[in-house]
Amino acid sequence: MTSVQPPLNVSKVAKQGSLSQYVAEQLEALIVQGKVAVGNKLPTENSLCDSFGVSRTVVREAITHLKSLGLVETRRGVGTTVLRDKAEEPRPAQHINPTTVADILHLLELRLTLEPAAAELAALRHDDADREQLRAQHNAFIKAHAEKRLARQEDYLFHFAIAKATKNPFFASFYEQWSKSVIPRAKLLSIEIDPNSSDRYLERVQAEHDEIIEAILSRDAQKAREMMFRHLDRAKNMYAQYRDQT
């Protein structure tokens with residue numbers, strides 16, 4: 001039988017950067033440390049908003065991140081229940097062809113040298129039209145994920161919008177050259193996809209996109225660079241696990 005936790009002993013958000021990331025990190029720490037036991041429910045959204053001093057949108061983004069780690073599940077009318085006390089890295093497939101893995105890792109290595117700089121420049125140089133396009137592509141990704149699609153094209157267009165916002169045509173040319181194949185999931189065969197794990201993986205990607213676009217639109221160039229690097233480096237490390245399985 002589950003029980004509702006009393007108000008959590010957490011700190012209100014009083015720092016720059018991603019509010020949802022800060023909330024998610026505190027909640028994850030409480031779960032990992034056993035201060036919110038497996039089988040118990042997190043406090044309600046309203047209670048979490050009061051505890052952290054943030055909006056419902058921030059709390060929902062933080063919960064989405066915890067779901068992507070496999071730590072919690074949310075059911076309508078029930079609330080958010082802790083499933084495990086150790087994060088489980090979501091992956092889009094159980095096994096991937098070794099040649100495909102090598103191609104993905106090579107491309108991610110290249111992207112890691114370019115895209116953090118692109119995110120930084122986009123934060124500094126984007127105009128009103130870019131802001132509109134960045135939001136539109138981010139919302140398109142969210143919609144595709146909600147519809148249980150793999151969001152390959154939407155992921156590509158999100159990163160392409162960032163490249164164009166740099167106002168440097170060579171960043172855009174890079175993305176035009178590779179097209180959708182720059183997204184690792186575009187290289188996976190349908191039979192390789194694990195639908196359940198892939199859905200949680202996309203929750204993780206969506207949460208990371210949230211952090212990137214928040215930094216760019218707030219013109220926090222250093223944060224934008226850091227969030228893009230973290231996004232791609234996490235993907236590179238995750239796909240390296242497939243290589244190490246062989």
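Atoms considered below: every heavy atom in the structure, side chains included; atoms not considered: hydrogens, waters and symmetry mates.
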Fill in: Glu73, CD: over 12 other non-hydrogen atoms inside 6.0 angstrom
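Above 12, so yes.
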
Item to complete: Decide if atom NZ of Lys167 counts as having more than 12 heavy atoms of other residues, nucleotides or ligands within a radius under 6.0 Å.
Response: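 Yes, NZ of Lys167 has more than 12 neighbouring heavy atoms, counting only those of other groups under 6.0 Å.
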
Worksheet item: Looking at residues at least two apart in the chain, or sitting in another chain, which of them share a side chain to side chain donor-acceptor pair (under 3.5 Å) with Gln206?
Response: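 Applying side chain to side chain donor-acceptor pair (under 3.5 Å) to Gln206 gives His145.
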
Practice prompt. List for me each residue that meets side chain to side chain donor-acceptor pair (under 3.5 Å) alongside Arg185, sequence neighbours excluded, and say none if there are none.
Written response: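 Side chain to side chain donor-acceptor pair (under 3.5 Å) list for Arg185, sorted by chain: Asp155.
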
Practice prompt. State yes or no: do Val58 and Leu66 share one hydrophobic cluster built from I, L, V, M, F, W and Y residues joined by side-chain heavy-atom distances below 4.5 Å, directly or via other members?
Written response: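 Linked, Val58 and Leu66 end up in one cluster.
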
Worksheet item: Are Leu112 and Ile216 connected, step by step, through hydrophobic side chains (Ile, Leu, Val, Met, Phe, Trp, Tyr) whose heavy atoms are closer than 4.5 Å?
Response: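 Both belong to a single hydrophobic cluster.
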
Worksheet item: Side-chain contact, heavy-atom cut-off 4.5 Å: Leu83 with Leu71?
Response: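 No, every pair of side-chain atoms sits at 4.5 Å or beyond.
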
Worksheet entry | Heavy-atom side-chain contact between Thr81 and Thr74 under 4.5 Å |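 No, their side chains stay 4.5 Å or more apart.
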
Can you see which heavy atom on [X] is nearest to which on [Y], and at what distance?
{"X": "Ala37", "Y": "Val82", "result": "O-CB, 3.7 Å"}
{"X": "Ile162", "Y": "Met228", "result": "CD1-CE, 3.7 Å"}
{"X": "Ala161", "Y": "Gln137", "result": "CB-CG, 4.1 Å"}
{"X": "Pro116", "Y": "Arg111", "result": "CD-O, 3.6 Å"}

Fill in: Residues in ring pair (Phe, Tyr, Trp, His ring centres under 6.0 Å) contact with Phe141, at least two apart in sequence or another chain
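For Phe141, the residues satisfying ring pair (Phe, Tyr, Trp, His ring centres under 6.0 Å) (neighbours in sequence not counted) are His209.
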
Item to complete: For this output row, return yes or no: ring centroids of Tyr175 and Tyr156 closer than 6.0 angstrom.
Response: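 Yes.
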
Discussion item. Looking only at the aromatic ring of each residue, does the gap between the centers of Tyr242 and Tyr239 stay below 6.0 angstrom?
Written reply: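 Here the rings of Tyr242 and Tyr239 have centres that are less than 6.0 Å from each other.
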
Fill in: Qualifying side chain to side chain donor-acceptor pair (under 3.5 Å) pairs, either residue in residues 101-110, two or more places apart
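Matches after skipping sequence neighbours: none remain.
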
Discussion item. Looking at Glu45 and Arg60, is any side-chain nitrogen of the basic one under 4.0 Å from a carboxylate oxygen of the acidic one?
Written reply: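 Salt bridge flag = yes for Glu45 with Arg60.
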
Practice prompt. Go through the steps to decide whether Lys164 and Asp130 satisfy the test salt bridge (Lys or Arg N to Asp or Glu O under 4.0 Å), and finish with yes or no.
Written response: CA-CA 8 Å; Lys164 289 191 291 186; Asp130 295 319; over 6 Å; no

Fill in: Residue list, salt bridge (Lys or Arg N to Asp or Glu O under 4.0 Å) with Glu226, at least two apart or on another chain
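Counting only residues at least two positions away or on another chain, Glu226 forms no salt bridge (Lys or Arg N to Asp or Glu O under 4.0 Å).
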
Worksheet item: Does Glu154 have any salt bridge (Lys or Arg N to Asp or Glu O under 4.0 Å) partners at least two apart in sequence or in another chain, and if so, which?
Response: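 For Glu154 the salt bridge (Lys or Arg N to Asp or Glu O under 4.0 Å) partners, ignoring immediate neighbours, are Arg149.
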
